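Here the structure is laid out as structure tokens; the discussion comes afterwards.
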Amino acid sequence: MSLKRKAVDLAADAAKKPKANGSITSFFTQPKPNPSTSSTSTNPSQPASSPTAPETKPTSFDKAAWLAKLTPEHRDLLQLEIETLHETWLAALHTELTTPDFLTLKRFLQSELAAGKKVFPPPEDIYSWSRHTPLPTVKAVILGQDPYHNLNQAHGLCFSVRAPTPAPPSLKNIYTAIKKDYPSFTPPPKNGGLLTPWADRGVLLLNTCLTVRAHEANSHSNKGWEKFTQKVIDTVAAKRTRGVVFLAWGSPAQKRCVKINGAKHLVLKSVHPSPLSAARGWFECGHFRKANEWLEGRYGGEGGIDWDLDVTNVKELKEVEGVKGVESVESVEEVKDVKDVKDVEDVKDVKDMKDVKDMKDMLDVKDGENVNDVESGKAEEVGV
């Protein structure tokens, strides 16, 4: 299978992928040395030094000293966080990682893998939100719930799906709402749903639970992720001292924002964009324009977010040598002529799937609601 990607994405990917010396094939091996870096953003589209980036309260963190204090068991349990959580987030969240609740969560995840359970997203993508949107670059937060639990979907950013998976119905409804606010909005090509451009522009795309067992919605809920991701939300609210926008869609997301200081930050609330609730006011919420008006009022004309997802006007895509799976090209926004999916992780074991073009849109189901015969009865999807 031949995959193509944009030449302009190649340099940026190095900062967003797990570090080269990290082994993430399992949770069981000891982490290799990983020198600390500064907390300066690696995001080229919104560096921490940019005049439009909201100020961030500094965090004092000596990574080497922290690592030296970890027991061998804790180093083993926290290998993934040590190797793949962006340095700015590790500095802000390291005390949470060693709490009994989080260590219990990590032991649960180890037990899932040891029992042969397939977990989404792939381990190296669980914290991709932190690498695409380092803490000093956060301008807005979109809150999701459970990761997508079907094949070739979840990659660590809420609502986002990998190419060539088509945009799910909730994301299509998001596109419709943006189009109302900005008639010039263009979605990704080929009915795509990859939202990495938003993350690179300062939109933190955060799910409530960061993992899920394959094909079992909410299977990792109430295991400890909720406390951890609440800490992420609270960290943004505390550290981004000039204010950010929180987009809370649906009552679960809104409950997570109740303690946010409305004098410092903006919390925009609406029903969820799922087809199950969108007719109750989603399309008229105007959140994307409201977010930009608030950000521009705080930070000037360049402080808003470019919501456009058109990627057709960039340099010609280049061949990526040695790519054997979509999971290896996280920032691919356009994939041409992908017909043979035998090498694509999470798709290769599907007996009845001969061609990616046969994949049907799937409906994400919220709050335990059951939906049958979705999209002509072809498929069902749970996630955000």
Side-chain angles (χ1 to χ4, degrees), residues 9 11-43 59 61 63-64 66-67 70 73-99 102-103 105-110 112-113 118-138 144 147 154-158 160 162 195-196 199-200 204-207 209-212 220 223-225 228-229 231-232 235-236 325-332 345-346:
D9 282 339
D13 277 353
K16 296 163 190 167
K17 285 292 184 182
K19 296 177 177 60
N21 67 345
S23 173
I24 317 175
T25 56
S26 74
F27 288 98
F28 300 101
T29 58
Q30 287 286 73
K32 298 179 182 179
N34 184 13
S36 297
T37 63
S38 74
S39 61
T40 303
S41 169
T42 58
N43 184 342
T59 300
F61 177 55
K63 182 177 180 181
W66 177 71
L67 288 172
L70 295 178
E73 183 205 10
H74 291 178
R75 273 180 169 260
D76 178 47
L77 288 170
L78 299 176
Q79 176 197 350
L80 193 70
E81 289 69 29
I82 293 167
E83 294 181 349
T84 69
L85 197 61
H86 189 271
E87 298 289 343
T88 58
W89 286 105
L90 183 61
L93 299 171
H94 69 280
T95 57
E96 185 68 24
L97 301 181
T98 53
T99 61
F102 193 81
L103 294 172
L105 166 66
K106 294 310 301 282
R107 293 185 185 99
F108 164 75
L109 293 173
Q110 276 195 345
E112 290 281 86
L113 296 176
K118 191 160 188 65
V119 173
F120 295 135
E124 64 270 22
D125 288 336
I126 291 173
Y127 298 109
S128 68
W129 53 269
S130 74
R131 300 189 299 275
H132 280 283
T133 317
L135 179 56
T137 74
V138 178
H155 63 109
L157 306 178
C158 73
S160 182
R162 294 186 185 280
L195 303 182
T196 49
D200 294 340
L204 183 63
L205 299 169
L206 184 70
N207 273 321
C209 290
L210 299 187
T211 60
V212 66
H220 287 182
K223 300 296 184 182
W225 280 128
F228 177 77
T229 53
K231 181 67 173 180
V232 173
T235 296
V236 173
V326 173
E327 77 285 349
S328 300
V329 283
E330 181 172 321
S331 294
V332 172
E345 184 182 29
D346 301 336

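Only this structure's heavy atoms are used, side chains among them; waters, hydrogens and symmetry mates stay out. Fair warning: this is a prediction, and the values are worked out from it, not measured in the lab. Quick note: residue numbers are just sequence positions, from 1.
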### Task
Take L157 and T133, measure what side-chain contact (heavy atoms from CB on, under 4.5 Å) needs, and give me the verdict at the end.
CA-CA 10 Å; L157 306 178; T133 317; 5.9 Å; no

### Task
Take R107 and E73 through the test salt bridge (charged side-chain N to carboxylate O under 4.0 Å, His left out) and record every step on the way to the result.
CA-CA 10 Å; R107 293 185 185 99; E73 183 205 10; 3.0 Å; yes

### Message
Is there a side-chain hydrogen bond (donor to acceptor under 3.5 Å, both in side chains) between S160 and H155? Walk through the geometry before answering.
### Response
CA-CA 7 Å; S160 182; H155 63 109; 2.7 Å; yes

### Query
side-chain contact (heavy atoms from CB on, under 4.5 Å) between V232 and L93: does it pass, once the steps are laid out?
CA-CA 8 Å; V232 173; L93 299 171; 3.9 Å; yes

### Task
Check whether any side-chain heavy atom of W66 lies under 4.5 Å from a side-chain heavy atom of L97, and answer yes or no.
yes

### Query
Heavy-atom distance under 4.5 Å between the side chains of I126 and T84, does that happen here?
no

### Task
Give the intermediate values and the outcome of side-chain contact (heavy atoms from CB on, under 4.5 Å) for residues I82 and L70.
CA-CA 11 Å; I82 293 167; L70 295 178; 4.1 Å; yes

I need the [X] [atom1] to [Y] [atom2] distance, nearest 0.5 Å.
X: L67; Y: L90; atom1: CG; atom2: CG; answer: 7.5 Å
X: L78; Y: E83; atom1: CG; atom2: CD; answer: 11.0 Å
X: L204; Y: C158; atom1: CG; atom2: SG; answer: 8.0 Å
X: E87; Y: T59; atom1: CD; atom2: OG1; answer: 12.5 Å
X: F108; Y: L113; atom1: CZ; atom2: CG; answer: 9.5 Å

### Message
Check whether T88 reaches the backbone of L135 with its side chain - one donor and one acceptor, N or O, closer than 3.5 Å.
### Response
yes

### Under 3.5 Å: donor-acceptor pair, side chain of T98, backbone of T95
yes

Closest non-hydrogen atom pair, [X] against [Y]:
X: P147; Y: C209; result: CD-O, 3.2 Å
X: E124; Y: R131; result: O-NH2, 2.8 Å
X: L77; Y: K106; result: O-NZ, 2.7 Å
X: G156; Y: S128; result: CA-OG, 3.4 Å
X: P122; Y: A154; result: CD-O, 3.9 Å

### Message
Tell me whether the rings of F228 and Y127 are parallel (<30°), tilted (30 to 60°) or perpendicular (>60°).
### Response
perpendicular

### Query
Listed by chain and number, what are the side-chain hydrogen bond (donor to acceptor under 3.5 Å, both in side chains) partners of T211, not counting sequence neighbours?
H220, W225

### Task
Please say which of F102, F61, W89 ends up in a ring pair (Phe, Tyr, Trp, His ring centres under 6.0 Å) with H94.
F61

### Message
Go through it in stages, so that I can follow the logic: the residues are L205 and H132, the test is side-chain contact (heavy atoms from CB on, under 4.5 Å), and I'd like the CA-CA distance, side-chain angles, deciding distance and then a yes or no.
### Response
CA-CA 9 Å; L205 299 169; H132 280 283; over 6 Å; no

